[in-house]
Amino acid sequence: GAEQREKQYRAHPGFGDRRGGVISARTYFYADEAKCDQHMETFLRCINASGGSSEDGFSAIKLTALGRPQFLLQFSEVLVKWRRFFHQMAAEQGQAGRAALEMKLEAERLQEALAKLGIATKAESQHWFTGENLGGSGTVDLLDWNSLIDTRTKLSKLLLVPNMQTGQLEPLLSRFTEEEELQMKRMLQRMDVLAKARGASEKGVRLMVDAEQSYFQPAISRLTLEMQRRFNRDQPIIFNTYQCYLKEAYDNVAVDVELSRREGWHFGTKLVRGAYMEQERERAAQIGYEDPINPTYEKTNEMYHRCLDYVLEEIRLRRKASVMVASHNEDTVKFTLRRMMELGIHPSEKKVYFGQLLGMCDQITFPLGE
Ligand SMILES: Cc1cc2nc3c(=O)[nH]c(=O)nc-3n(C[C@H](O)[C@H](O)[C@H](O)COP(=O)(O)OP(=O)(O)OC[C@H]3O[C@@H](n4cnc5c(N)ncnc54)[C@H](O)[C@@H]3O)c2cc1C
């Protein structure tokens with residue numbers, strides 16, 4: 001339920017050490033801003049090395065290394081509340097249960113609801129939902145709705161959203177102090193440096209932003225998406241990571257692919273199953289919110305292949321997507337090769353990449369290389 005979900009996005013002392021049960025991913029802890037600058041310099045050296053050693057190199061970064069994770073937590077909560085509010089509005093317009101992109105709110109009725117709730121007068125919300133913004137449809141979908149949140153504007157000025165439990169209006173980001181705003185800005189600046197002048201786009205290196213814990217992930221994914229918007233105009237430089245052990249993975253992939261289509265940029269993605277399962281489950285059980293992970297390994301496999309198929313179809317249709325199949329699973333590698341054949345995607349097009357962690361699965365890596 002609504003109240004439960006929020007618990008997921010609160011810091012919890014029992015889970016301050018995010019290494020628990022994680023064997024295949026590095027964990028960064030925030031010390032201070034200088035340390036984040038150091039991490040950025042290290043990432044830059046990696047990008048440099050990758051650019052120097054191969055024509056189409058990759059480099060991976062973690063956003064928790066580039067700023068205070070508390071910001072990612074808070075921003076995630078904002079994004080989730082914002083999306084939930086959209087779903088509640090959709091339910092009120094009789095659209096509960098539809099797929100994420102099938103929900104289309106009538107702008108008129110939405111404005112009336114916003115006015116009734118005291119969030120924004122019709123005059124105020126008028127310019128959010130102009131015909132131009134909505135492509136003349138008169139309806140608002142999740143992408144239109146998400147576009148109202150802009151990290152480049154001052155976040156603390158954002159709108160109020162109603163807490164359906166208490167009936168009270170809550171500012172989305174009431175707890176952001178000046179210092180926190182600054183920390184957020186610096187994180188964005190470091191991402192900028194990595195993506196442009198001294199970084200990936202300059203060196204022709206693809207920059208993969210790793211996926212991390214589910215309570216950071218909405219923010220990480222959203223910030224990555226904003227980089228894709230800016231840097232993936234002509235080629236896929238920034239790759240966003242989707243963890244297919246998440247129940248919401250397919251919706252997330254579908255919504256982001258649709259955004260890339262609408263805005264005309266290259267969709268770059270790394271698909272993984274997910275590295276934090278045990279920790280996620282334990283945290284959800286202890287704090288008391290719904291487990292974000294698929295109930296079984298089989299469901300995760302199904303989800304992986306569904307997401308992958310969606311992206312491969314997108315490659316077939318538009319040739320404007322790229323995917324790194326980051327997995328040690330032999331069936332997944334075979335599945336990918338078979339679907340590439342069926343869909344007429346040739347390896348020489350360099351739209352599909354395979355990634356294994358160094359030395360962890362050489363029996364797959366070497367034959368693939370050949
Ligand atoms: C190049 C590369 C980059 C990576 N980057 C990231 C990253 O950015 N973020 C990240 O989180 N991970 C990342 N990983 C790790 C990845 O998510 C997996 O943990 C790891 O690769 C094992 O999954 P697999 O597909 O290789 O193998 P498999 O052995 O087929 O899958 C194991 C995975 O299945 C899932 N699973 C297992 N049991 C269950 C169950 N009972 N219910 C539901 N799901 C279950 C878990 O995700 C588990 O890790 C990366 C891996 C590689 C190779």
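Numbering of ligands and ligand atoms starts at 1, following listing order.
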Engineer: Taking the side chain as every heavy atom from C-beta outward, state whether Tyr242 and Asn240 have any pair of such atoms under 4.5 Å apart.
Structural biologist: yes
Engineer: Give yes if a backbone or side-chain nitrogen or oxygen of Tyr297 is under 3.5 Å from a nitrogen or oxygen of ligand 1, and no if not.
Structural biologist: yes
Engineer: Between Gly274 and ligand 1, does any nitrogen or oxygen pair lie at a separation below 3.5 Å?
Structural biologist: yes
Engineer: What atoms of ligand 1 come closer than 4.0 angstrom to any heavy atom of Asp210?
Structural biologist: 8 (O)
Engineer: May I ask you to list the atoms of ligand 1 that are less than 4.0 angstrom from any heavy atom of Tyr276?
Structural biologist: 11 (O)
Engineer: For Arg281, which part has a heavy atom under 4.0 Å from ligand 1: side chain, backbone, both, or neither?
Structural biologist: side chain
Engineer: Can you find a side-chain donor-acceptor pair between Thr332 and Arg273 that sits under 3.5 Å?
Structural biologist: yes
Engineer: Suppose I only count heavy atoms of Thr241 and a 4.0 Å limit; which atoms of ligand 1 are within that range?
Structural biologist: 8 (O)
Engineer: Are the side chains of Leu72 and Leu223 in touch, meaning some heavy atoms are under 4.5 Å apart?
Structural biologist: yes
Engineer: Would you mind listing which atoms of ligand 1 come within a distance below 4.0 Å of any non-hydrogen atom of Gly355?
Structural biologist: 1 (C), 53 (C)
Engineer: Can you find an N or O of Ala275 that's nearer than 3.5 Å to an N or O of ligand 1?
Structural biologist: yes
Engineer: Using distance alone, determine whether Thr300 and ligand 1 share an N or O pair under 3.5 Å.
Structural biologist: yes
Engineer: Does any N/O atom on Ser327 come nearer than 3.5 Å to any N/O atom on ligand 1?
Structural biologist: yes
Engineer: Is it the case that ligand 1 has an N or O less than 3.5 angstrom from some N or O of Glu212?
Structural biologist: no
Engineer: Would you check whether Val272 has a nitrogen or oxygen atom less than 3.5 angstrom from a nitrogen or oxygen atom of ligand 1?
Structural biologist: no
Engineer: Determine whether Tyr30 and Glu33 satisfy the following criterion, side-chain hydrogen bond (donor to acceptor under 3.5 Å, both in side chains), listing intermediate values before the conclusion.
Structural biologist: CA-CA 8 Å; Tyr30 180 79; Glu33 294 293 304; 2.5 Å; yes
Engineer: Return yes if a side-chain donor-acceptor contact under 3.5 Å exists between Glu106 and Gln93, otherwise no.
Structural biologist: no
Engineer: Have a look at ligand 1 and work out which part of Met277, if any, has a heavy atom under 4.0 Å from it: side chain, backbone, both or neither.
Structural biologist: side chain
Engineer: Decide if the gap between the ring center of Phe239 and the ring center of Phe58 is smaller than 6.0 angstrom.
Structural biologist: yes
Engineer: Please identify which atoms of ligand 1 are closer than 4.0 Å to at least one heavy atom of Ala211.
Structural biologist: 7 (C), 8 (O), 9 (N), 10 (C), 11 (O)
Engineer: Could you list the atoms of ligand 1 found under 4.0 angstrom from a heavy atom of Gln243?
Structural biologist: 10 (C), 11 (O)
Engineer: Is the Lys NZ or Arg CZ of Arg26 less than 6.0 Å from the centre of Tyr28's six-membered ring, within 45° of the axis?
Structural biologist: yes
Engineer: Taking only residues at least two apart or on different chains, which pairs with a member in residues 38-50 satisfy side chain to side chain donor-acceptor pair (under 3.5 Å)?
Structural biologist: Lys35-Gln38, Glu41-Arg198
